[in-house]
Chemist: 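Pasting a structure below so you can have a look.
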Amino acid sequence: MESRYQPADIEPQVQNYWRDNRCFEVTEDPDKEKFYCLCMFPYPSGALHMGHVRNYTIGDVIARYQRMQGKNVLQPIGWDAFGLPAENAAMKNKVPPANWTRQNIEHMRGQFERLGMGYDWSREFATCDPSYYRWEQWFFTRLMKKGLVYKKNAVVNWDPVDQTVLANEQVIDGRGWRSGALVERREIPQWFMKITAYVEELLTGLDTLDGWPDSVRTMQRNWIGRSVGLELAFPIENSNEELVVYTTRPDTLFGVTYMAVAAEHPLAREAAQGNPELQAFLDECRQVSSSEAALETMEKKGMPIGVNARHPITGDAIPVMAANFVLMDYGTGAIMAVPGHDERDWEFATKYTLPIRQVIEPEDDGEHDISRGAIVARGRLVNSGDFSGMQFDEAFDAIADWFESRGKGKRRVNYRLRDWGVSRQRYWGAPIPVINAADGETLPVPEGDLPVVLPEDVNFDGSGSPIKSMPEFIETKDPRDGAPATRETDTFDTFFESSWYYARFACPDADDAMLDERARYWLPVDQYVGGIEHAILHLLYARFFHRLMRDEGLVDGDEPMTNLLTQGMVNAQTYFRQQTGADGEEAGVSWYNASELELKRNERGQVTGAVLTEDGQPVEIGGVEKMSKSKRNGVDPQEMIDRYGADTVRLFAMSDVSPDQGLEWTDEGIEGSFRFHKKLWRAVHAHVERGAPPALAVDALNDGQLTLRRKLHATIAKATDDIGRRKTFNTAIAAVRELMNDIAAFKDTSPEGHAVLQEAWTAIIAMLSPVVPHMAHVLWEALGCEGAVIDAPWPVVDESALVSASELYVVQVNGKLRAKLSVPAGIGRDELEATAMADENVQRFTDGKQVRKVIVVPGKLVNIVVG
RNA sequence: GCCCGGGUGGCGGAAUUGGUAGACGCAGCGGACUUAAAAUCCGCCGGCCAUAGCGGCCAUGCCGGUUCGAUCCCGGCCUCGGGCACCA
């Protein structure tokens, strides 16, 4: 064994060992418990960043831990290879998206290996492989036949200068990111998946997902947004038409003072003919990004369309407004407005001086001034005709009955969730396998003609998707009669690929089916790991897809992932200077990387400022923010691996915080992690130099040896719980460090002590091996242990080692800590109370006072309440 | 705007979800070793007060509540982060 820790020497050797012995390639084994561990696969953006390192280290630690628990562990990796960045890179670098993507995959694969990830590389695939996307094309045609997909018009962001559809991300302050032109809403025909057909199941299924964080389940529940309400119609004056609206607050119906319709609503369009002012307003309403955040935060605008509706109960005339915040494709394109009891309606009514009427009196009897704000809380109805005096539930039923008995409305369960639009007008995606026949029919591509291969040798100049102007792609034949027909040129949303890849990893080489029997062995995923930013969309689509595949007979079970771990982001300190132009105007901000700076500290070590090394002038200290190129606060993992080794980087990524929290990267932190490796190496080296230890004879141990052994087994218990159940790797590592501190203070050189130390070091190396597998591999061998540490069993707690003759009690008086007592284990309550009362410091606070009660928490605490 | 999280010493965080606030690490200070530096090792390390020693008061974003006892539960606010359906 080398006396110095040299990661650059040992890490490649250990990686070769894993590769040569195919350590991580697995097959189905019905005799072993299976464990499928999966991290959300990466988008091949070019190089690994720290967020990747963290994500995949978490997964690797769990996979290696479960392997040591004796399970048949599958940990695959692949590439979420379609997407927008490849198109942007293609424009910038004049490379076809396919080439750029595949080069990135090559590079990142090497980085994963260098990090020591225990992947079954034999299962690797990229979603841009035709052998992968052919099966989702096949699946889509199956769903077409089942009626689970359909085509309808839907809104996109249209850049009128670049003549192209923009993603929400490409719309900045309502303008196209490249052209700067005001973006318009435009309707085009698109394909939709009927996720709403599964909405109840997706909702109730959340209750079964005990292994998911509550926050994610709540977010999904709210996203689905089930509500019970009333659908009712407001007749239009002097017309046979009516406005259908949905409300969850029928109790406020007498407070309706206006109606609002979308700019695209037929009623508004009709009214705009011959009304140029209204027409101009409707045109203006189109110039808004289609994102909900933009819609909700923009200035609410409206204009009367000169048409009245009639209140269905009172018959009162109610003006109809066109409004920019009502959307034609959500709900019915019309809403009833109750400014007295809805904040948005209140603000709108105040702005346009529309009447505000109070029809609810809240429970709390507090001061409520309807002229100063809406009363949103439920309460008793007032000014509501026959319904006045009723409470919410009673009023809801009475009003709903009123409408239903007259055939003018009905109770309805409504969902916020909308069907999933999967069409993208982009090139770098899987072609939607549809043929447009000359007679207007849309037909699925026959199974025998799949896959519809995306041409990869293209000239990508940014003027839209190349396949949209490529006759050799577009021209095809009608599968019914061979007549000329055209292909669909839209591609799938990339969420389509990522909704089922987890299942394909079970059988990536199946070439005559989407999935085969192996999927039933490996699924569901036992542990899924990924960023919290995917809490809703990706995970909801995957849950939907799993049910679609279940109903196609491809998989068992309802849910795709049993346990979910959502990981926080990797952040770092930012530094900047506000730059001033020659004219004294502010000319933007310059960001600096920590490596360019020197920090100033006061005598306490508190950072008081920073100066740029180059010019010695101060820079501002900004916030701790997500690592990004623009803020220049990123750290390249490759550089860190080259300097410190993969184990040090892995350890730091795991040791500072639990995985679900944001991790702050610091240079000092990584140094500390490296120091830990050197210290551990030295300690094990010194231990090994003593030669082979005698066998452990527990009965022969003295108090000091028993105490160290108690600490060891308490540490094993804690680390097992922290890694296996809580997934708080940081506290498991801290517990091991505590144990190592105790070992450092253990000055026993006897043979018995030597044997205890051998037991301790062996357990420490085993427990650390999922996090720092290279170093553990080498030290395991040095300790003379059998086999490779990846095949070692996880250490087991010896319960008898935990037994102690005494217990520590905390004594409080009126909830304040006054003493600590060490008492014999299993002491009786009376004796315990007496011992506590007899304590000198306790008496200072109880003296002359009456003891009202004594609370005892066994094994922990005594609280004496005096008054 | 709406939904979901977070806020604890100089810093990252711990306290297993009602029972010792500050584990572990980083930074800092003091010391040992060294010709010196680095590395390493040892000690101290929330604030205020007291001190030979024992100890006391305050303190977990802010305000209020429940409880014998609150970082943890409830109500109201402030603030930072994630998502909002075409970034992945």
Side-chain angles (χ1 to χ4, degrees), chain A residues 40 42-43 45 80 83-85 156-157 165-171 213-216 218-223 225 290-298 300 325 343-344 417-418 420-421 423-426 493-495 498 531-538 540-541 566 568-569 571 601-608 623-626 655-658 660-664 666 668-669 671-673 675-676 678-679 682 718 721-722 725-726 728 730-731 733-738 741 744 808-817 820 840-841 844 852-855 857 860-861 863-866:
Chain A
M40 292 180 188
Y43 177 79
S45 53
D80 188 14
L84 205 48
V156 294
N157 300 311
V165 174
L166 297 178
N168 283 335
E169 189 191 51
Q170 298 171 315
V171 180
D214 285 340
S215 58
V216 173
T218 306
M219 277 190 263
Q220 291 214 353
R221 205 171 281 124
N222 292 340
W223 184 262
S290 62
S291 79
E292 189 187 320
L295 216 59
E296 290 286 330
T297 51
M298 72 184 175
K300 308 289 184 291
F325 58 88
E343 274 169 24
R344 185 182 64 186
L417 181 71
R418 310 192 300 265
W420 174 16
S423 297
R424 296 293 179 269
Q425 296 70 47
R426 307 195 190 293
D493 176 6
T494 56
F495 277 127
S498 57
I532 183 68
E533 67 273 18
H534 295 293
I536 297 176
L537 291 178
H538 162 60
L540 190 61
Y541 293 147
T566 50
M569 293 181 309
N571 308 311
R601 292 176 190 275
N602 66 14
E603 65 208 359
R604 276 184 177 159
Q606 199 172 357
V607 174
T608 53
V624 173
E625 297 182 45
K626 179 179 174 175
S655 60
D656 236 27
V657 295
S658 59
D660 53 329
Q661 300 184 68
L663 170 69
E664 188 188 341
T666 61
E668 295 82 8
E671 284 285 351
S673 174
R675 201 146 54 219
F676 174 83
K678 289 191 285 187
K679 201 188 250 183
R682 259 197 318 273
K718 177 161 174 58
D721 188 45
D722 284 353
R725 179 182 65 88
R726 297 174 70 207
T728 53
N730 55 323
T731 53
I733 293 163
V736 171
R737 296 177 103 132
E738 261 187 76
N741 289 343
L808 185 71
Y809 271 86
V810 162
V811 184
Q812 300 178 332
V813 179
N814 287 348
K816 292 208 173 223
L817 175 70
K820 292 177 189 178
E840 192 186 339
N841 202 44
R844 279 177 57 197
R852 299 200 181 276
K853 65 175 155 177
V854 179
I855 289 150
V857 182
K860 263 191 184 154
L861 163 144
N863 187 15
I864 300 159
V865 184
V866 296

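Reminder, nothing fancy here: chain letters follow the sequence lines and each chain counts from 1. Quick note: numbers below take in every heavy atom, side chains included, and nothing from hydrogens, waters or symmetry partners. Remember, predicted model here, so these are calculated numbers, not experimental data.
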Chemist: With heavy atoms under 4.0 Å as the rule, sort Lys860(A) into base, sugar-phosphate or nothing.
Modeler: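 Answer is sugar-phosphate: Lys860(A) comes under 4.0 Å of backbone atoms only.
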Chemist: Where the side chain of Thr731(A) is defined as all heavy atoms beyond and including C-beta, which of A39(B), A88(B), A14(B) is the nearest nucleotide?
Modeler: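 From the listed options, A14(B) comes nearest.
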Chemist: Please classify G46(B) as syn or anti, treating any glycosidic angle within 90° of 0 as syn.
Modeler: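 Because its glycosidic torsion lies more than 90° from 0, G46(B) adopts the anti conformation.
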Chemist: Reckon Glu738(A) touches a base, only the sugar-phosphate, or nothing at all at heavy-atom distances under 4.0 Å?
Modeler: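 Contact class for Glu738(A): sugar-phosphate only.
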Chemist: Just to be sure I understand the rule, does Val736(A) reach a base, reach only the sugar-phosphate, or reach nothing, if contact means heavy atoms closer than 4.0 Å?
Modeler: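 No contact.
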Chemist: Listing time: all N or O pairs from protein to nucleotides 56-58 of chain B that are below 3.5 Å?
Modeler:
from	atom 1	to	atom 2	distance (Å)
G56(B)	OP1	Arg818(A)	NH1	3.2
G56(B)	OP1	Asn841(A)	ND2	3.0
C57(B)	OP1	Arg818(A)	NH2	3.2
C57(B)	OP2	Arg818(A)	NH1	3.1
C58(B)	OP2	Lys816(A)	NZ	2.8

Chemist: Is Leu808(A) touching bases, backbone alone, or none of the nucleic acid, heavy atoms closer than 4.0 Å?
Modeler: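 Answer is base: heavy atoms of Leu808(A) come under 4.0 Å of a base.
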Chemist: What stems show up for RNA chain B when you take Watson-Crick pairs (N1-N3 plus N6-O4 or O6-N4) and G-U wobbles (N1-O2, O6-N3), both under 3.5 Å, and require three or more consecutive pairs?
Modeler: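 Result, WC/G-U stems under 3.5 Å: B:1-7 with B:78-84, B:10-12 with B:24-26, B:28-32 with B:40-44, B:46-49 with B:55-58, B:61-65 with B:73-77.
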Chemist: Separation of Gln661(A) atom CD from U16(B) atom C1', in whole Å?
Modeler: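 Going from Gln661(A) (CD) to U16(B) (C1'), I get 14 Å.
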Chemist: For nucleotides 64-75 of chain B, just jot down a letter per nucleotide in 5' to 3' order: B, S or -, based on protein non-hydrogen atoms under 4.0 Å.
Modeler: ----B-------
Chemist: Check whether any side-chain N or O of Thr218(A) sits under 4.0 Å from OP1 or OP2 of C4(B), and answer yes or no.
Modeler: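 For C4(B), OP1/OP2 do not have a side-chain N/O of Thr218(A) under 4.0 Å.
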Chemist: Using heavy atoms to find the nearest nucleotide of RNA chain B for Val810(A) and Arg725(A) separately, return the residue whose nucleotide is more 5′.
Modeler: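 Checking each residue's closest nucleotide, the 5'-ward one belongs to Arg725(A).
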Chemist: Give Arg737(A) one of three labels, base, sugar-phosphate or nothing, depending on what nucleic acid heavy atoms sit under 4.0 Å from its own.
Modeler: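 Since only primed, P, OP1 and OP2 atoms lie under 4.0 Å of Arg737(A), the category is sugar-phosphate.
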Chemist: Scan His538(A) against the nucleic acid and name what it touches under 4.0 Å (heavy atoms): base, sugar-phosphate only, or nothing.
Modeler: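 Nothing, no heavy atom under 4.0 Å.
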Chemist: Students often get this wrong, so: under 4.0 angstrom with heavy atoms, is Asp660(A) touching a base, only sugar-phosphate, or nothing?
Modeler: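 Here Asp660(A) touches no strand at all.
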Chemist: So what does Met569(A) touch, heavy atoms closer than 4.0 Å: a base, only the sugar-phosphate, or nothing?
Modeler: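 Sugar-phosphate contact only - Met569(A) comes under 4.0 Å of backbone atoms but never of a base.
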Chemist: Taking any heavy-atom pair under 4.0 Å as a contact, classify Leu861(A): base, sugar-phosphate, or nothing.
Modeler: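 Counting heavy atoms under 4.0 Å across all strands, the contact made by Leu861(A) includes a base.
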Chemist: Is any side-chain nitrogen or oxygen of Asn222(A) closer than 4.0 Å to OP1 or OP2 of C4(B)?
Modeler: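 Result: yes.
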Chemist: Measure from the side chain of Leu417(A), starting at C-beta and using heavy atoms only, and say which of A85(B), G19(B), C87(B) lies closest.
Modeler: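 Of the candidates, A85(B) comes closest.
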Chemist: Under 4.5 Å between any side-chain heavy atoms of Asp722(A) and Asn730(A), yes or no?
Modeler: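 Not touching, per the 4.5 Å side-chain cut-off.
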Chemist: When rounded to the nearest Å, what value does the distance between C1' atoms of A23(B) and G5(B) take?
Modeler: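 The answer is 25 Å between these two C1' atoms.
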Chemist: Which one, A27(B), G1(B), A88(B), comes nearest to the side chain of Arg675(A)?
Modeler: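 Closest of the options to the side chain of Arg675(A): A27(B).
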Chemist: May I ask you to verify whether the side chain of Gln425(A) and the base of C86(B) hold a donor-acceptor pair under 3.5 Å?
Modeler: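 Yes.
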Chemist: Does Thr666(A) reach a base, just sugar-phosphate, or nothing at all? Heavy atoms under 4.0 Å.
Modeler: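 If one applies the 4.0 Å heavy-atom cut-off, Thr666(A) turns out to touch nothing in the nucleic acid.
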Chemist: Establish, with yes or no, whether the OP1 or OP2 oxygen of G25(B) is under 4.0 angstrom from a side-chain nitrogen or oxygen of Asn741(A).
Modeler: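 So the side chain of Asn741(A) is within the cut-off, an N or O lying under 4.0 Å from OP1 or OP2 of G25(B).
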Chemist: Using atom C1' in both nucleotides, what's the gap between A15(B) and C24(B) to the nearest angstrom?
Modeler: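 Straight-line distance between the two C1' atoms is 12 Å.
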Chemist: So what does Arg221(A) touch, heavy atoms closer than 4.0 Å: a base, only the sugar-phosphate, or nothing?
Modeler: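 Here Arg221(A) touches no strand at all.
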Chemist: Using the P atom on both, measure U71(B) against G55(B) and round to a whole Å.
Modeler: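 It comes out at 22 Å once rounded to the nearest Å.
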Chemist: How would you label the contact of Phe676(A) with the nucleic acid (heavy atoms, under 4.0 Å): base, sugar-phosphate, or nothing?
Modeler: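 Phe676(A): no heavy atom of the nucleic acid under 4.0 Å.
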Chemist: Decide yes or no for Asn863(A) and Val854(A): does some side-chain heavy atom of the first lie under 4.5 Å from some side-chain heavy atom of the second?
Modeler: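 Not in contact.
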Chemist: G61(B) and C72(B): how far apart are their P atoms, nearest whole angstrom?
Modeler: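 Going atom to atom, P in each nucleotide, I get 8 Å.
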Chemist: If you assign Asp656(A) and Glu292(A) each to the RNA chain B nucleotide with the nearest heavy atom, which residue ends up on the more 5' nucleotide?
Modeler: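 Checking each residue's closest nucleotide, the 5'-ward one belongs to Asp656(A).
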Chemist: I'd like to know if Arg682(A) reaches the base of U40(B) with its side chain, counting only an N/O donor and acceptor under 3.5 Å.
Modeler: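 Donor-acceptor pair under 3.5 Å: no.
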Chemist: How long is the line joining CH2 of Trp223(A) and C1' of G83(B), in whole Å?
Modeler: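 After rounding, the gap between these two atoms is 7 Å.
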Chemist: So, does Asn157(A) use its side chain to make a donor-acceptor pair with the main chain of Leu166(A) at under 3.5 Å?
Modeler: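 Looks like yes, one N/O pair under 3.5 Å.
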Chemist: At under 4.0 Å, does any side-chain N or O of Arg424(A) touch on OP1 or OP2 of C86(B)?
Modeler: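 For C86(B), OP1/OP2 do have a side-chain N/O of Arg424(A) under 4.0 Å.
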Chemist: By the 4.0 Å heavy-atom rule, please label Arg852(A) as base, sugar-phosphate, or nothing.
Modeler: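 No contact at all - Arg852(A) keeps every heavy atom at 4.0 Å or more from the nucleic acid.
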Chemist: What is the separation between atom CD on Glu671(A) and atom P on C26(B), rounded to the nearest whole Å?
Modeler: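 Those two atoms, CD and P, are 11 Å apart.
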Chemist: Considering only heavy atoms and no angle criterion, is a donor-acceptor pair shorter than 3.5 Å present between the side chain of Lys718(A) and the base of U16(B)?
Modeler: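 Answer is yes: a donor-acceptor pair is held.
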Chemist: Kindly say whether Arg726(A) contributes a backbone atom to a donor-acceptor pair with the side chain of Asp721(A) at under 3.5 angstrom?
Modeler: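 Pair absent, no side-chain N/O of Asp721(A) close to backbone of Arg726(A).
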Chemist: Which is true for Glu668(A) with a 4.0 Å heavy-atom rule: it touches a base, it touches only sugar-phosphate, or it touches nothing?
Modeler: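 It contacts sugar-phosphate atoms only.
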Chemist: Give a yes/no on whether any side-chain N or O of Arg726(A) is located under 4.0 angstrom from OP1 or OP2 of A15(B).
Modeler: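 Looking at the OP1 and OP2 atoms of A15(B), one of them is under 4.0 Å from a side-chain N or O of Arg726(A).
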Chemist: Say we look at G7(B) and A21(B): how far apart would their C1' atoms be, to the nearest angstrom?
Modeler: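 Here G7(B) and A21(B) have their C1' atoms 16 Å from each other.
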Chemist: On a whole-Å scale, what distance lies between the P atoms belonging to G76(B) and C57(B)?
Modeler: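 Between the two P atoms, the distance is 34 Å.
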